2 protein chains.
Amino acid sequence: MKALQKRIGITQDTLAQSLTERFIFGEEALDGLMPSTRILAEEYGVSRLFLREVLAGLQRQGLIETFPGKGIYVRKPSMLNAARNVHTTIRQSTATARDLIEARGNLEEQCAALAAERATTEDIAQMEFALKALDDANGLIPMAQADIAFHSLLAKSTHNPVLQIMFGSITTLVFDTMLRSLSDPEIYKEGAPLHYTILKAVKNRDGLAARKAMSKHIHLAEDSYKNDLDCELREIAQRIVKDVLQSSLSIEEILSSALKDYSVDLGQS
Amino acid sequence: MKALQKRIGITQDTLAQSLTERFIFGEEALDGLMPSTRILAEEYGVSRLFLREVLAGLQRQGLIETFPGKGIYVRKPSMLNAARNVHTTIRQSTATARDLIEARGNLEEQCAALAAERATTEDIAQMEFALKALDDANGLIPMAQADIAFHSLLAKSTHNPVLQIMFGSITTLVFDTMLRSLSDPEIYKEGAPLHYTILKAVKNRDGLAARKAMSKHIHLAEDSYKNDLDCELREIAQRIVKDVLQSSLSIEEILSSALKDYSVDLGQS
DNA sequence: CTATCTGACTTGTCAGATAGGTGTTGGTGG
DNA sequence: CCACCAACACCTATCTGACAAGTCAGATAG
């Protein structure tokens with residue numbers, strides 16, 4: 001039996017691919033509920049444990065979500081779950097605030113300019129909603145969530161999935177600096193109105209103005225961060241968590257809860 | 001015992017974090033060999049299976065590598081393993097060649113310009129090595145590997161980890177188009193010399209020239225791809241694999257073997 | 001001294017059992 | 001007839017104990 005299975009050659013990868021084809025991209029399980037692990041394991045002739053590990057992989061990729069007592073649900077893919085893996089991987093690297101501003105500036109200026117050309121009325125409505133949420137937000141983390149949402153939606157408004165992927169890959173790093181910027185009254189006072197400037201420029205289809213406002217928005221930190229400019233992002237974020245939020249949680253824990261249910265759809269148009 | 005464990009609250013996440021702190025970032029297991037699963041499981045008071053799932057997660061992030069019969073080794077983190085997760089996640093999205101050129105152009109032009117300012121002699125030597133490998137490469141996949149290596153090294157030469165992350169997140173997509181471009185004599189003939197133009201500009205510390213050459217290099221495809229421009233990247237890549245390589249493997253399988261051992265170190269300077 | 005073999009490791013996988021959560025269903029009291 | 005609630009069936013998560021298969025070092029026979 002073992003030998004047979006080996007001959008057939010079911011590996012975790014092949015099973016994962018098969019399941020993905022069937023349930024994620026295929027049309028089965030329309031309501032999003034997958035068959036139970038027992039049934040699936042029997043169906044594919046593997047043990048439940050083996051199947052479980054495969055499912056764990058899919059879950060880590062954010063493709064499915066499991067609920068004890070309920071079942072396994074297919075999930076709309078979100079960039080952020082994937083991005084978190086990237087974040088863990090690069091924890092060892094020494095990205096500073098200056099690095100992020102440099103890279104993010106270039107990316108988001110492009111996003112702003114393209115969004116001005118391509119944003120639909122629905123995109124704009126969503127961004128307006130995010131800015132309203134930012135105004136109404138109570139507390140640093142909800143603010144950062146709304147801020148991230150705005151920038152993600154702007155990337156989405158380019159209707160270029162690749163730009164969304166790139167922004168997604170640095171989302172957690174952006175979140176780190178947002179904690180710093182949003183808790184700094186000086187930056188917030190100058191930076192928050194620029195969100196509206198950007199959105200207005202997008203509405204007016206004025207790519208250049210959108211790009212300029214975004215540039216100003218992102219480079220604000222360059223003048224205000226002072227010593228923090230060449231600090232590692234994680235250090236900065238961890239300090240804010242400790243001093244401002246007075247929480248003993250690690251930045252990783254904050255991140256995973258703050259970005260958990262957060263999901264900006266991928267452009268399918 | 002179960003209740004106790006719950007009270008202590010060992011979840012997969014906390015254990016993963018604990019193990020990461022200890023073995024990846026910590027100084028234990030200097031030779032890279034971790035204690036066996038039995039020992040670790042006993043040490044943390046969890047079952048071996050539970051530990052296994054946690055380790056599977058770390059492995060998926062590319063932080064460790066397991067060898068049956070030998071043990072578990074700590075691995076140097078590589079962007080690409082993480083990037084592959086992103087790629088899977090966005091399979092559903094409909095990124096076209098045009099999307100990639102647009103996004104990648106902006107990013108890589110910035111990389112070229114910054115590399116011209118900051119590349120060390122060692123960076124340049126590595127890039128030269130990659131170009132030599134590209135010239136000597138035999139077959140489409142080794143060529144694509146060398147090509148990817150060159151562009152990754154250019155991103156590394158900016159000494160900005162965030163740019164490396166962003167490039168890493170789209171590496172698999174870039175690989176897709178490389179299969180197409182490298183198998184097209186017209187593009188290859190014009191595109192290959194531009195690699196040397198870029199490298200020369202970097203050597204001369206001429207950021208503008210580097211940026212221009214990169215722009216030309218990437219936008220070459222815009223004139224030659226024709227109908228493929230608005231094709232989905234996966235479709236293009238899959239067709240090349242089938243027609244040119246005459247392989248029945250899926251593009252995912254090609255990718256995972258081609259990028260498996262590939263790793264450009266993260267800048268630690 | 002060399003070749004081989006044994007035994008003690010390792011990971012990978014399995015079946016079966018239990019814990020704990022969730023939703024449904026059918027019976028009972030109003 | 002309706003509302004409530006308890007029992008039940010199903011789900012995932014996890015544990016225990018076991019075995020297969022790979023690896024390696026050291027003992028042993030030639």
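Below, chain A is the first sequence line, B the second, and so on; all start at residue 1. Worth saying up front: this structure is predicted, and the values here are computed from it rather than measured.
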Distance check needed: [N] [atom2] versus [X] [atom1], whole Å only.
{"X": "A/L40", "N": "D/dA13", "atom1": "CG", "atom2": "P", "result": "13 Å"}
{"X": "B/E42", "N": "D/dT16", "atom1": "CD", "atom2": "P", "result": "11 Å"}
{"X": "A/F67", "N": "C/dT22", "atom1": "CZ", "atom2": "P", "result": "11 Å"}
{"X": "B/L33", "N": "C/dT11", "atom1": "CG", "atom2": "P", "result": "9 Å"}
{"X": "B/I64", "N": "C/dT11", "atom1": "CD1", "atom2": "C1'", "result": "12 Å"}
{"X": "A/F50", "N": "C/dC14", "atom1": "CZ", "atom2": "P", "result": "6 Å"}
{"X": "B/M34", "N": "C/dC9", "atom1": "CE", "atom2": "C1'", "result": "17 Å"}
{"X": "B/K70", "N": "C/dC9", "atom1": "NZ", "atom2": "C1'", "result": "14 Å"}

According to a strict under-4.0 Å criterion, is [X] in side-chain N/O contact with OP1 or OP2 of [N]?
{"X": "B/T66", "N": "C/dG12", "result": "yes"}
{"X": "B/S47", "N": "D/dT16", "result": "no"}
{"X": "B/R38", "N": "C/dT11", "result": "no"}
{"X": "B/Q12", "N": "D/dT14", "result": "yes"}

Quiz item: DNA chain D: A/S36 or B/P68, which has the more 5' nearest nucleotide?
Solution: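 Looking at the nearest nucleotide for each, A/S36 comes out on the 5' side.
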
Self-check item: Spacing of A/I64 atom CD1 and A/L55 atom CG [to the nearest 0.5 Å]
Solution: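 Here the rounded value is 4.5 Å.
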
Exercise. Determine whether the side chains of B/E53 and B/Q12 contain a donor N or O and an acceptor N or O closer than 3.5 Å.
Key: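 Yes, because at least one side-chain N or O of B/E53 sits under 3.5 Å from a partner of the opposite role on B/Q12.
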
Exercise. Examine the side chains of A/D99 and B/H159 and answer whether a donor and an acceptor come within less than 3.5 Å of each other.
Key: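 Judged by distance alone, the side chains do not pair up.
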
Self-check item: Secondary structure of DNA chain D in dot-bracket form (Watson-Crick or G-U wobble, distances below 3.5 Å, | marking inter-strand pairs)
Solution: ||||||||||||||||||||||||||||||

Practice problem: Answer yes or no: are there more than 12 heavy-atom neighbours, outside B/F129 itself, under 6.0 Å from its atom CZ? | Solution: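 Incorrect, the count does not exceed 12.
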
Exercise. Please tell me which of B/L49 and B/I72 maps to the more 5' nucleotide of DNA chain C, matching each residue to the nucleotide holding its nearest heavy atom.
Key: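 Nearest-nucleotide comparison on DNA chain C picks B/I72.
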
Quiz prompt | SB check B/E43 B/R38 (cutoff 4.0 Å) | solution =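 Between B/R38 and B/E43 there is no salt bridge, as every charged N stays at least 4.0 Å from the carboxylate O atoms.
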
Quiz item: What nucleic acid atoms does A/E53 come within less than 4.0 Å of, heavy atoms only: base, sugar-phosphate, or nothing?
Solution: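 It contacts nothing in the nucleic acid.
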
Exercise. Mind checking side-chain hydrogen bond (donor to acceptor under 3.5 Å, both in side chains) for B/Q126 and listing every partner two or more places apart, or none if nothing turns up?
Key: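 Residues passing side-chain hydrogen bond (donor to acceptor under 3.5 Å, both in side chains) with B/Q126: B/K156.
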
Exercise. Go through the N and O atoms of the side chain of B/R48 and the base of D/dG17, and report whether any donor-acceptor pair is under 3.5 Å.
Key: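 No such pair is found, so the answer is no.
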
Quiz item: Which of parallel (below 30°), tilted (30 to 60°) and perpendicular (above 60°) describes A/H151 and A/F167?
Solution: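 It falls in the parallel class, under 30°.
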
